[in-house]
Amino acid sequence: MANHLFDLFRSRMPGAERRFIETPDGRVVTYGEMVAQTARIANVLLQRGVVPGDRVAAQVEKSPEAISLYLACVRAGAVFLPLNPAYTLAEMAYFIEDSEPRLVVASPERAADLETPGATIETLGAAGDGSLIEAAAGAAAVCEDLERGPDDLAAILYTSGTTGRSKGAMLTHDNLASNALALAAAWRFSADDALLHALPIFHTHGLFVATNVTLVSGASMLFLPRFDADEVMRLMPRATVMMGVPTFYVRLLQHPGLNTWSTSHMRLFVSGSAPLLAETHEAWFRRTGHRIVERYGMTETNMNSSNPYEGDRVAGTVGLPLPGVEIRITDAEGAVMPPGAVGMIEIRGPNVFKGYWRMPGKTAAEFRPDGFFISGDLGMFDDRGYLRIVGRGKDLVITGGYNVYPKEVESELDALPGVAESAVFGVPHPDFGEAVTAVVARKPGASLDETAVLKALEGRLAKYKLPKRVLFAETLPRNTMGKVQKNLLREAFAGLHGGD
Ligand code: AMP
């Protein structure tokens, strides 16, 4: 039967003995082993009653088996739903209730807490252990891939919602297939490439950009459990490409081993998910002789633009629209603006998602009648057609490559006894890019301090969402429309972490 995405991967596969994944301890998963293991897991999914269109939620640590689970879902026609292992149980309860998975795959430590009526639970540990893999060991190593067309769902990725409610971005087989092909061609991937993979795999960057581009090229991945500068430097002589968030590059620049020699085997460095400072781009060039290729994308759209492989890689820009992707800049009324003018970035193409899971109203509100998606990012084209991102209409804070939506943190703060109101925003931070920062106005007579607030938030929000600093004010600055003026707060506290 035709399975749009897996058929593509299969058609691009090198010989079965070729390396797909290698872990830092030297464990190798070949393409042949990947095909067999994903068939076994797909068979377990079928045995557990998963039918095409069912969601399979996974809150697991990064491992080659977690990649196999993703691919097994594709083959079984299921919708893969990866969730950040840092999410608390309270956060998980929302995702599970909203997505109604048929199967939940959890780390062994979490399994008991994630028992869900109507869903089967299996475990998968960081070492590739757990009930899912035990069951797979007894299942057949071949399976028939289930029928899935280009427009059928392959995955749902939750984005934190600006309104406090996370939205599930529905990604189709062709969203992922078309983007993988566009990126592999744009970045000249081949079966000779070895990708240094230190990104998390619950997010579009590490899961789709990195893994799918590898698969459609028949390339391999050096698969680190997490970013570690020493480990990255140790493995770099064997890699040809690295994809990273800007924080990786900032940290590697602090590593004494980074120089032209240690990067001489590399042909490409890619950065995305947050703005790469032009000074980081230049410092990297001076130290290594490589110009980082910055690209731009988001969960809902996959990747939209990239600096060119051949031609000028312009620091501070996210390059040119990828082939097949249309990008335009619009004003508040939706009229298209000329180069040089700042406005809303809108995107149309085969990469753009199908809509938000069970939120037809929100979906409709974020698409123009002619099919362009309103990204929420503000930007402009320069006169050479390079896109520059100037801000985020959606007020997102990006800290160490992770997205934090202020509203979600504010809701938790406002619920604390003694808090009258709060504002959460990002300020420059030398290591994280931006640091989550909160300003709180106390209720009259309340004696809350920073330590007490941070203690109260522990366990309620994933660690990366917790404010790095909590400051206090009599009242929050507001404009005549009653909106909190976060720009004033950002300016006032810009120097909090040594910035200017
Ligand atoms: P996510 O959905 O987690 O991938 O986050 C997407 C958001 O990250 C985009 O809407 C942008 O605001 C931001 N982003 C991604 N890549 C870049 C980049 N190269 N420069 C600036 N912002 C970026």
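If you're wondering where the values come from, they're calculated on a predicted model, not measured in any experiment. As the structure lists them, so they are numbered: ligands from 1, and atoms in each ligand from 1.
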Peer 1: Find out whether the Lys NZ or Arg CZ of K62 is both under 6.0 angstrom from the six-membered ring centre of F223 and within 45° of the ring's axis.
Peer 2: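 Yes; both conditions hold, so K62 lies above the ring face of F223.
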Peer 1: My understanding is that only residues two or more places apart in sequence, or in another chain, count here; which of them pass ring-ring contact (aromatic ring centres under 6.0 Å, His included) with H290?
Peer 2: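 Scan of H290 (ring-ring contact (aromatic ring centres under 6.0 Å, His included), adjacent residues dropped) gives F269.
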Peer 1: Run the ring-ring contact (aromatic ring centres under 6.0 Å, His included) test against Y70 and tell me which residues pass, sequence neighbours left out.
Peer 2: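 With neighbours one apart ignored, the set is F80, F208.
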Peer 1: If you take the nearest heavy atom of each of T301, I389, T299, which one is closest to atom 2 (O) of ligand 1?
Peer 2: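 Among T301, I389, T299, the closest heavy atom to atom 2 (O) of ligand 1 belongs to T299.
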Peer 1: Step by step, would you call I327 with S305 a side chain to side chain contact (heavy atoms under 4.5 Å, CB included)?
Peer 2: CA-CA 9 Å; I327 302 180; S305 72; 4.0 Å; yes
Peer 1: Using distance alone, determine whether T159 and ligand 1 share an N or O pair under 3.5 Å.
Peer 2: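 In fact, backbone or side chain, T159 has no N or O that close.
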Peer 1: Using non-hydrogen atoms of the residue, decide whether I398 is closer than 4.0 angstrom to ligand 1.
Peer 2: yes
Peer 1: Assess G297 for proximity to ligand 1: is some non-hydrogen atom of it under 4.0 Å away?
Peer 2: yes
Peer 1: Distance check, rounded to the nearest 0.5 Å: R469 atom CZ versus T437 atom OG1?
Peer 2: 9.0 Å
Peer 1: In this structure, does ligand 1 have an atom that sits under 4.0 Å from one of the heavy atoms of R295?
Peer 2: yes
Peer 1: When you look for heavy atoms under 4.0 Å from ligand 1, do you find them on the side chain of S271, its backbone, both, or neither?
Peer 2: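 Neither; no heavy atom under 4.0 Å.
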Peer 1: As an exercise, identify every atom of ligand 1 less than 4.0 angstrom from a heavy atom of V318.
Peer 2: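 Every atom of ligand 1 under 4.0 Å from some heavy atom of V318: 18 (C), 19 (N), 20 (N).
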Peer 1: Is the cationic atom of R490 (NZ for Lys, CZ for Arg) positioned less than 6.0 Å from the six-membered ring centroid of F425 and within 45 degrees of its normal?
Peer 2: no
Peer 1: Using heavy-atom distances, let me know which of V245, D377, T204, L387 sits nearest atom 9 (C) of ligand 1.
Peer 2: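 When every heavy atom of V245, D377, T204, L387 is considered, D377 comes closest to atom 9 (C) of ligand 1.
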Peer 1: Which bit of P275 gets closer than 4.0 Å to ligand 1, counting heavy atoms only: side chain, backbone, both or neither?
Peer 2: both
Peer 1: Do the rings of H205 and H203 sit parallel, tilted or perpendicular, given the 30° and 60° boundaries?
Peer 2: tilted
Peer 1: Report the part of H203 in contact with ligand 1, treating N, CA, C, O as backbone and CB onward as side chain, heavy atoms under 4.0 Å; options are side chain, backbone, both, neither.
Peer 2: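 Only the side chain of H203 comes within reach of ligand 1.
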Peer 1: In terms of atom number and element, which parts of ligand 1 are under 4.0 angstrom from non-hydrogen atoms of E294?
Peer 2: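 Counting from 1, the qualifying ligand atoms are 18 (C), 19 (N), 20 (N).
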Peer 1: If the plane angle is over 60° it's perpendicular, under 30° parallel, otherwise tilted; pick one for F227 and F248.
Peer 2: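 Rings of F227 and F248: parallel, under 30°.
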